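Inspection log for the structure reproduced underneath, given as structure tokens.
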There are 2 protein chains.
Amino acid sequence: MSAAWPPRGARAAAREGEGSPVSALPASLPAGPSGVTRYLQLASVLRQRIANGHWRVGDRLPTVQQLASELGVARITVRQAYGRLAAEGLITTHRGRGTHVASTAQGRGPSPALRAAINDPLQHPPALSIRILDTQRDQALPATLHEGGSADTQYLRIRKLHLHDAQPFCLVDLYVAQREHDRFPPRAIEHAKLAGLLREHGSRPLGHLHQTMTVGAAERAQADALDYPFAAPVAHVVRRLTDVDGRIVYAGDFWYRGDRFVLDTVLPADLLFAYPLAVVPATRSET
Amino acid sequence: MSAAWPPRGARAAAREGEGSPVSALPASLPAGPSGVTRYLQLASVLRQRIANGHWRVGDRLPTVQQLASELGVARITVRQAYGRLAAEGLITTHRGRGTHVASTAQGRGPSPALRAAINDPLQHPPALSIRILDTQRDQALPATLHEGGSADTQYLRIRKLHLHDAQPFCLVDLYVAQREHDRFPPRAIEHAKLAGLLREHGSRPLGHLHQTMTVGAAERAQADALDYPFAAPVAHVVRRLTDVDGRIVYAGDFWYRGDRFVLDTVLPADLLFAYPLAVVPATRSET
DNA sequence: TATCATTTGTACGTATGTATT
DNA sequence: GAATACATACGTACAAATGAT
């Protein structure tokens, strides 16, 4: 969806020489066709290194001069990127002393609890809360969600936000077969995951869960809802759950903040060779 | 100097006025320096309206004048946003006739062949080629790849680039147990996938394939190798394959260009409820 | 205390892309 | 389409704070 990132003729000396300045960025495109300013691009890479533990709290970051010559950008560009991160509280800068990591804003990647909340189709951990943004009855299933099953006639459309420890991490736009939803206890969709509700209260046994995962840049609506920078990396998952007859009982789009997303999968080797119908993702619930 | 990060005037008007040609877009776009150009943010809002079906193929979009005065932006800004979408093939503009939706662009993205090349651990399609960048013998397995199995003593480290139709889409940095690799035919790693080689020539039956997927912004090394813009979205997959004894026979990091990545998974419902050890991704090889 | 190299902060001039009128 | 204003980004230079000599 988020249309091809402009494949600008990016190419540069790809050496990893320590200390040797690597001439770099196309050096002529200020904002470039990407439309995202250079200091913001730099900021998101630095933010990522702090989030994934490459730099830890207290570590000293490269000097402005080092980064500038390594990347082939002006010092003011690095300064703006650092300024952005400082405004977010991630780093501190002091004259003569350098730039240091002040906080990680969240440990080294998503916590095990959040990983389980994302990967386990049934479990609804206490820290997970669901904020329903909007519901509409009597909707038809969009054509893009038909694939892989036959559509029912009427769906309930639900737009909702998933939060973990009160922090939004996933924006959802999904369709549940109305006849199935009407069998649920009231307000159940706020406190349980749909796969569990359909297994518990559905009219027919379930068949398959299809997932298609892509990555992209946050569009406006997603950025606003997730409290996340525009154009920052996001994961997009399309999920479709069918019953044994191949009828789609629910299908929808899930957008995850890039810094709060991990997909875990495990594939036993015997399934691996039974391709195509093979790989097996999974997350251990705890530890 | 620079403004606070997330809390831009976030508010997403979310009404769904059916039939009224001119929709209520967010009343205004964020003011002040956001680091992202205005016309791109506007393009993002419009792109989503098309993607989620608010405007369908053939529908007429508001005139430049209408949009400009509604949003309080200059006409040229709207023109640039329309130009962007036109370049993506989403809309067409004709003098005197207006601007219309040409496509929802939903089908775009990686071809089925590329999807299979990414998702099938065994298949090596003709269009796929492997460029070995570097190999080093007698390496120890890095600590970050230990998890989920016991490490062997000596590994062959391979850095390589995967191309599809001569276009790079994946950068790989992986470790193969040396004693297993030395059983392979010469240069086999350039023409077959490792899982297949290990199944064919390995000393022990295979156990499990673990995959951990995250998203992020392209670092310089990845951007250069993949011929992709710095800080553009990438998928990062860590794969670990063990034999039946739990020994890691290969493990490595895979970085995919965001615009050339799709992960497909299928989970039979009975496995779904055997959590944790459950979900099943898969891609049909053809069609 | 004084000096020095390092590093962040500020400033000026210029060029380009963006956005408004 | 033209004129204007602004933010980004480059290069350069200098001031101020820090830590070590």
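Quick note on labels: first sequence line is chain A, next is B, and so on, each numbered from 1. Values in this document were obtained by computation on a predicted structure and should not be read as measured data. Atom set for the values below is all heavy atoms of this structure, side chains included, hydrogens, waters and symmetry mates excluded.
In this structure, Arg38(A) places its CZ atom 18 Å from P of dA15(C), rounding to the nearest Å. Computed from coordinates, the Tyr82(A) OH to dT7(C) C1' distance equals 11 Å when rounded to whole Å. In this structure, the NE2 atom of His100(A) is 13 Å from the C1' atom of dT6(C), given to the nearest Å. Regarding Gln65(A), its CD atom lies at a distance of 10 Å from the C1' atom of dT7(C), rounded to whole Å. If you take CG of Leu71(A) and C1' of dG11(D), they are 17 Å apart, rounded to a whole angstrom. Distance Ile76(B) CD1 to dG1(D) P: 9 Å, rounded to the nearest Å. Atom CZ in Arg75(A) sits roughly 8 Å away from atom C1' in dT8(C) (whole-Å rounding).
Closest approach to the Arg60(A) side chain among dT7(C), dA9(D), dT20(C) is made by dT7(C) (side chain taken as heavy atoms from C-beta onward). The side chain of Gln80(B) approaches dT18(C) more closely than any other nucleotide in the set dT10(C), dT18(C), dT8(D). In this structure, the nucleotide among dT7(C), dG19(D), dC10(D) sitting nearest to the side chain of Arg97(A) is dG19(D). Which of dT7(C), dC10(D), dT18(C) sits closest to the side chain of Thr77(A) comes down to dC10(D).
Taking a cutoff of 4.0 Å between a charged side-chain nitrogen and a carboxylate oxygen, Arg220(B) and Glu70(A) do not qualify as a salt bridge. Arg157(B) has a carboxylate O that lies under 4.0 Å from a charged side-chain N of Asp173(B), or vice versa, which qualifies the two as a salt bridge.
For the 3.5 Å distance criterion, the side chains of His236(A) and Asp253(A) qualify, holding a donor opposite an acceptor. Looking at Gln222(B) and Asp224(B), their side chains never bring a donor and an acceptor atom within 3.5 Å of each other.
Arg79(B) comes within 4.0 angstrom of no nucleic acid atom, judged by non-hydrogen atoms across all strands.
Between His162(B) and Phe169(B), the ring planes lie perpendicular to each other; the angle is over 60°, past the 30° to 60° tilted range.
Contact annotation: Thr93(A) side-chain N/O to dT7(C) OP1/OP2 distance is not under 4.0 Å. Applying the 4.0 Å criterion to OP1 and OP2 of dT18(C), one finds that Tyr39(B) has a side-chain N or O inside that range.
Residue whose closest nucleotide on DNA chain D sits further toward the 5' end, between Gly96(A) and Leu40(A): Leu40(A).
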